[in-house]
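In what follows, chains are A, B, ... by sequence order, proteins preceding strands, each numbered from 1.
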Amino acid sequence: MSGGHSHNDSQIDSGSRHNDSHKHKDKYKDKEHKHKDHKKDKEREKSKYSNSEHRDSSDKKHRDKDKERLKLKDGSSDKQKDKHKEKKKEERSFDGKPKKEKENGFESPFIKSEPENDDFYHSPKHEKSLKRERDDDDAEFKPKKIKTEESEKKAKKRKQEDEDIKPKKKTKDKKGEAATDGKKKGKKEPEEKWKWWEEERYTDGVKWKFLEHKGPVFAPPYEPIPSNVKFYYDGKHMKLSPGAEEVATFFAKMLDHEYTTKDIFRKNFFKDWRKEMTSEEKSKISDLNKCDFSEMSEYFKAQSEARKAMTKEEKQKIKEENERMLQEYGFCVMDNHKERIANFRIEPPGLFRGRGDHPKMGMLKRRIRPEDIIINCSKDSKHPKPPPGTKWKEVRHDNKVTWLVSWTENIQGSIKYIMLNPSSRIKGEKDWQKYETARRLKKCVDRIRAQYREDWKSKEMRIRQRAVALYFIDKLALRAGNEKEEGETADTVGCCSLRVEHLTLHQEMDGQEYVVEFDFLGKDSIRYYNKVPVEKRVFKNLQLFMEDKEPEDDLFDRLNTSILNKHLQELMDGLTAKVFRTYNASITLQQQLNELTTSEDNVPAKILSYNRANRAVAILCNHQRAPPKTFEKSMLNLQTKIDAKKEQLADAKRELKSAKADAKVRRDEKSKKAVESKKKAVQRIEEQLMKLEVQATDREENKQIALGTSKLNYLDPRISVAWCKKFGVPIEKIYNKTQREKFAWAIDMAEKDYEF
DNA sequence: CGAGTGACTTAGAAATGTTAGC
DNA sequence: GCTAACATTTCTAAGTCACTCG
């Protein structure tokens, strides 16, 4: 990031943030009805405010949309094409490989056009076809094949691998590696690991040429509860039909959860439950409050206790069974490589748990059957078999998508997928590409910032709004903020969907001018609360945007994510709102690491620095967590340990002193040695104490902040890898096993001088 | 355009596994 | 060995964004 645009410190000062979403939600509760007609509001606003002039123009209320539309047309767009081309060549990855940012846009299915590839998997002779092109310039739909000695070798290597398709050293790893973690072991990758990042990529929207898998694992069938576990209605025992009973158990299992006390949850549950009842049950059971699930609840608690109390052997058996399932269903073959599947189990039926004030919480999530399932695989693969006596909904062979299995979920009607693990080629490439796009933004961010600052002065309202929104997205790392269907989901917003009620303007606050106070619920109903000093021009614009609006009106009434992203696309190929989050997160990490790391520090201190840098990012991105339930207690425990250690240190020092005195008097070898060993002891204890104190600081600072999300999704792993190499910190201290698998590409390729 | 949808990434909570300290 | 604390994994909801269709 260059001058003039640094993230304000208050961002990094957690003091101004709260994770107090409860209160907050209440605050908005009564307003819910108000913005029901959101879309209409927007329309109304538009015609009301469609002026592109300043607020003092007297006739602003009557400027109309059509005028604006005209402007829109003659105004900006379509240099797009040239820019597009211009930029395409611009970026090559640091390893010298040509790079592509866009994968889609080519229609014809690849497989058909290259019949020689059809038997690709079965006859690994066709090594050529393995190569994938990384450069998409002018990509005719047939990718070029660059043949080099290097890739020839690789192809051979691949061939070997195929012969013995084994998951990459799975089980042994678990114990072996986990146990030695943090000790020696180090970055040594097992020999057979496939380095997909050294190969060419598909460039024409084709995601794979061969895909074979075993299909999903279905949820286990419902097991009726024993007949001595009773359900009571209005105090009287009632034997439920299996269907009704199953749904009842879903509720019983959640009885201890706050959800079941919420009105909407209960209402939705009861409505859906009744649908599963026999007509007889339906006529009897008319009030949820008269239902007594407590025996069921107790039964399940007992069950889980029993599970905990199982013997080692029993547990081992279960573990083995899980492992067997994993081996059978947890992997697929994609283009000659065995790859791990992320979620091969179908989501079991249950009660929908939305986040925040979700209008659909408590609804029944129905059981998924084979008839609901679409299978995606290669034509020439061994198709997965549906369970006996059932059929798949469909089997298709679409190699333009990455999923293996899909079904439509009944709560929102959206599609769910089974896809590959983050360590897979297909996910890894995409991830890598994401960071490359962010790095390209780094190169032109100054230009873009200059532009939006200029646009704050535009005479067109829509441009000003766009520019202010972009400023927020850049400075505060806000999400884009798509509009959502009213009443279908919790009321949450992002940048473009902010409403007037989410901002408070303060001409002056705490000695700072032009402060904007944000208070809204974002993704997952996590509260975003922040007070930000902004530039005068932004402030004035906000006043203008808010003028004559109701609290529930849209702040940016002439803007949405589609308009914004179209604009961004013109500024840089592949640029969208979320790229700013990635860019700002990664650049912040890099800066913070530079600032905070001291080469003389020991490893724990360096790790603290790393965590602090990571934390700065998490704060920027507003990644919060509920403070762990045991937080206070564990903090107290730690303090006790520290005190004890201090005590111990004092003792050791006393002993050292007396040993010294002793040595002075006796002047013999033995007492000298004693002094030495006491000295060592003191040192050791001091080190231990420091370690504990560092730990305490780290934990305290982390109370409500979740580091995982940014580490996994926003921080270019090569920054962390380079940092580890540069400062001699073992990579295992930063990334656990799963993370190392996901970031294998970065660990392999980043050197200590890597710069984001 | 604008609504709807499909595919994919990002997200925090809950479940489960591991470890350290008694 | 037991258990509480902590770390990791799993789960699936909730976003983003491109595309299609009328």
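- Classified by interplanar angle (parallel below 30°, tilted 30° to 60°, perpendicular above 60°), the ring pair A:Phe269/A:Phe251 is parallel.
- The base of B:dT10 is paired with the side chain of A:Lys523 by a donor and an acceptor separated by under 3.5 Å.
- Position along DNA chain B of the nearest nucleotide to A:Asp398 versus A:Asp431 favours A:Asp398 as the more 5'-ward residue.
- Looking only at side-chain heavy atoms (C-beta outward), A:Ile374 and A:Val405 stay at 4.5 Å or farther from each other.
- For C:dA14, one of the phosphate oxygens OP1 or OP2 lies less than 4.0 angstrom from a side-chain nitrogen or oxygen of A:His358.
- The side chain of A:Arg396 lies closest to B:dA7, out of C:dA13, B:dA7, B:dC8.
- In this structure, A:Thr489 does not reach the C:dA14 phosphate: none of its side-chain N or O atoms is under 4.0 Å from OP1 or OP2.
- Annotation: of the two residues near DNA chain C, A:Ala342 and A:Arg479, the 5′-most nearest-nucleotide partner is A:Ala342.
- Between A:Lys308 atom NZ and B:dA15 atom C1' the separation is 11 Å, expressed in whole Å.
- Of the side-chain N and O atoms in A:His623, none sit less than 4.0 angstrom from OP1 or OP2 of B:dT10.
- Backbone-only contact: A:Tyr714 has heavy atoms under 4.0 Å from sugar-phosphate atoms and none from a base.
- Summary of the strand contacts: A:Asn482 and A:Thr738 both lie near DNA chain C, and taking for each the nucleotide with the nearest heavy atom, the more 5' one is attributed to A:Thr738.
- Looking at heavy-atom distances under 4.0 Å, A:Thr561 makes no contact with the nucleic acid at all.
- Comparing A:Tyr259 and A:Gly413 along DNA chain B, the residue whose closest nucleotide (by nearest heavy atom) sits nearer the 5' end is A:Gly413.
- Nucleotide B:dT16 holds its P atom 7 Å from the CZ atom of A:Arg307, rounded to whole Å.
- Side-chain nitrogen and oxygen atoms of A:Thr576 include at least one within less than 4.0 Å of the OP1 or OP2 phosphate oxygen of C:dC17.
- The phosphate of B:dG6 (OP1 or OP2) has no side-chain N or O of A:Ser414 nearer than 4.0 angstrom.
- Atoms CG (A:Asn376) and P (B:dA7) sit 9 Å apart, rounded to a whole Å.
- Residue A:Pro422 is classed as having no contact, given no heavy-atom separation below 4.0 Å to the nucleic acid.
- Remark: A:Lys416 is not in phosphate contact with B:dG6, judged by side-chain N or O atoms under 4.0 Å from OP1 or OP2.
- In this structure, CD of A:Glu486 is placed 18 Å from P of B:dG2, rounded to the nearest angstrom.
- Looking at the side chain of A:Lys434, the nearest of the listed nucleotides B:dA13, B:dT10, B:dC8 is B:dT10.
- A:Gln624 places its CD atom 17 Å from the P atom of C:dA14, with the value rounded to the nearest Å.
- Ion pairing between a basic and an acidic side chain is recognised when a charged N comes within 4.0 Å of a carboxylate O; A:Lys317 and A:Glu313 show no such pairing.
- For C:dA14, the OP1/OP2 oxygens have a side-chain nitrogen or oxygen of A:Gln412 closer than 4.0 Å.
- Shown are A:Arg479, A:Arg625, A:Arg355, A:Arg353; of these, the salt bridge (Lys or Arg N to Asp or Glu O under 4.0 Å) with A:Asp524 is made only by A:Arg355.
- Remark: P of C:dG15 and CD of A:Glu488 are 13 Å apart, rounded to the nearest angstrom.
- When the side-chain nitrogen and oxygen atoms of A:Asn565 are compared with OP1 and OP2 of C:dC17, one or more of them lie within a distance under 4.0 Å.
- Heavy atoms of A:Gly522 sit under 4.0 angstrom from primed sugar atoms or phosphate atoms, though from no base atom.
- In this structure, CZ of A:Arg353 is placed 12 Å from P of B:dA13, rounded to the nearest angstrom.
- Classification of the A:Tyr417-A:Trp403 ring pair by plane angle, with boundaries at 30° and 60°, yields tilted.
- Checked against C:dT8, B:dG6, B:dA14, the side chain of A:His257 finds its nearest nucleotide in B:dA14.
- A:Lys484 has no side-chain polar atom (N or O) that falls below the 4.0 Å cut-off from OP1 or OP2 of C:dA14.
- Aromatic ring centres of A:Tyr714 and A:His623 lie closer together than 6.0 Å.
- Regarding contacts with the backbone of C:dG15, a side-chain N or O of A:Thr492 is found under 4.0 angstrom from either OP1 or OP2.
- Under the 30°/60° scheme for interplanar angles, the aromatic rings of A:Phe743 and A:Trp745 are found to stand perpendicular.
- Contacts of A:Gly708 with the nucleic acid, taken as non-hydrogen atoms under 4.0 Å apart, are absent.
- A:Lys578 has a side-chain polar atom (N or O) that falls below the 4.0 Å cut-off from OP1 or OP2 of B:dT10.
- Dashed line: the shortest gap from a side-chain N or O of A:Arg581 to OP1 or OP2 of B:dA11 is under 4.0 Å.
- Here A:Lys365 lies in heavy-atom contact (under 4.0 Å) with sugar-phosphate atoms only.
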